[in-house]
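Both ligands and their constituent atoms are indexed starting at 1 by order of listing. All values below were derived from every heavy atom in this structure, side-chain atoms included, with hydrogens, water molecules and symmetry-related copies excluded.
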Amino acid sequence: MDIILASGSPRRRELLARAQLDFRVLSVDIDETPQDDELPKDYIERMVATKAMAAIEQLNGTLEIDENGTNELIIILTSDTIGVLPDGKTVLVKPTDREHAYSMWQQMSDNIHEVWTAVQATKIQRLPKGTEHNASKRTQAFQIIDQQQITERTAVTFIPLTTEMMSNYWDSGEPADKAGGYGIQGLGAAWVSRINGSYTNVVGFPLAQTLALIKDMTEGSEDIVDPL
Ligand SMILES: Cc1cn([C@H]2C[C@H](O)[C@@H](COP(=O)(O)OP(=O)(O)OP(=O)(O)O)O2)c(=O)[nH]c1=O
């Protein structure tokens, strides 16, 4: 059974590689703008589902329908990580600029926020040649046969931050592509006094929980994925 990590995140790639699983990577690009008043849980669940559909679209477009008609199974993994302030509503995403980063960090300073990562595993099956169907004007070579989502939450406590600390961190370039504008695996570790929950979840991929999801999704198949 093929595993595809549909993510452009180098951290997710590195974390999944630690489980010594064979997988390939597909980068998908979707609009990650939160909708007005969208609750955090609804947002990340919508993100991972949308990323999965974008990955299937790409697979439909790039892979020839299997000549010998095998009904190959593929598991697509998608993920999305956000920060959530104690109000349970304010979503912390990747900073659009310095000011945005500062505004998030001022609310995170000397405070506890949560990092939520949603992971979706979508099991698809390649349709044998000649049975593909046309939907929305595209040949759909795959059908979804199962999809499951998990959401993991980790509480992260920040130390008090000064303007100088924020300025130096922004100038490092590390904050730009990370939810909440920090990387616990990088320089951002200096701002974290405590976490309560999964560390890999903060980095962007709750590894133990994701491997359990993959194992659950491959139960019963002849090639169960049984990592580390
Ligand atoms: C909080 C935190 C987030 N992050 C990263 C993980 C994610 O890559 C990023 C959140 O953005 P996401 O939109 O979840 O992921 P992405 O855009 O990087 O990749 P893709 O959507 O293609 O899967 O923030 C860290 O690397 N360290 C941290 O401590």
TODO: Applying side chain to side chain contact (heavy atoms under 4.5 Å, CB included), run through Met165 and Trp191 and close with a yes or a no.
DONE: CA-CA 9 Å; Met165 289 162 75; Trp191 287 8; 3.7 Å; yes
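- In the hydrophobic cluster analysis, where Ile, Leu, Val, Met, Phe, Trp and Tyr join through side-chain heavy atoms closer than 4.5 angstrom, Leu16 is grouped together with Val203.
- Of all the heavy atoms of Asp177, the ones lying under 4.0 Å from any atom of ligand 1 belong exclusively to the backbone.
- In terms of heavy atoms, Phe142 sits closest to Ile124 at CD2-CD1, 3.6 Å.
- The shortest N or O to N or O distance between Gly183 and ligand 1 is not below 3.5 Å.
- In this comparison of Lys178, Met47, Arg12, the heavy atom closest to atom 12 (P) of ligand 1 sits on Arg12.
- Ligand-side atoms of ligand 1 in range of Asp80: 12 (P), 13 (O), 14 (O), range being under 4.0 angstrom from any heavy atom.
- The distance from ligand 1 to the heavy atoms of Ala179 drops below 4.0 Å at these ligand atoms: 1 (C), 3 (C), 9 (C), 10 (C), 24 (O).
- When every heavy atom of Phe205 is checked against every heavy atom of Arg12, the shortest pair comes out as CD1-CD, 3.9 Å.
- Those atoms of ligand 1 that come under 4.0 Å of a heavy atom in Ile184, given as number and element, are 27 (N), 28 (C), 29 (O).
- Listed by number with element, the atoms of ligand 1 under 4.0 angstrom from any heavy atom of Gln185 are 25 (C), 26 (O), 27 (N), 28 (C), 29 (O).
- Every atom of ligand 1 is numbered from 1 in the order shown, and the set under 4.0 Å from a heavy atom of Ser7 is 19 (O), 20 (P), 22 (O), 23 (O).
- At the top of the distance list for atom 3 (C) of ligand 1, counting protein heavy atoms only, stands Val202 O, 3.6 Å.
- The Lys94 neighbourhood of ligand 1 comprises atoms 11 (O), 12 (P), 13 (O), 16 (P), 17 (O), with distances under 4.0 Å to a heavy atom of that residue.
- Looking only at heavy atoms of the protein, atom 22 (O) of ligand 1 is closest to Gly8 N, 2.7 Å.
- Looking at Glu57 and Met53, their side chains never come closer than 4.5 Å, going by heavy atoms from C-beta outward.
- In this structure, a donor-acceptor pair under 3.5 Å is absent between the side chains of Arg11 and Ser79.
- Inspection of the Ser7 and Ser9 side chains reveals no N or O donor paired with an N or O acceptor under 3.5 Å.
- Taking every non-hydrogen atom of Glu32 and a distance limit under 4.0 Å, the qualifying atoms of ligand 1 come out as 13 (O), 17 (O), 21 (O).
- Considering every non-hydrogen atom in both Tyr169 and Pro175, the closest pair reads O-CD, 3.3 Å.
- Atom 18 (O) of ligand 1 has its closest protein heavy atom at Ser9 CB, 3.6 Å.
- Nearest protein heavy-atom contact of atom 25 (C) of ligand 1 is Val203 O, 3.3 Å.
- Summarising the geometry of Ser198 relative to Pro206, their closest heavy-atom pair is OG-CA, 4.2 Å, with the distance given to 0.1 Å.
- A donor and an acceptor atom, one from each side chain of Gln120 and Thr122, are located under 3.5 Å apart.
- Nearest protein neighbour of atom 21 (O) of ligand 1, counting heavy atoms only, is Lys51 NZ, 2.6 Å.
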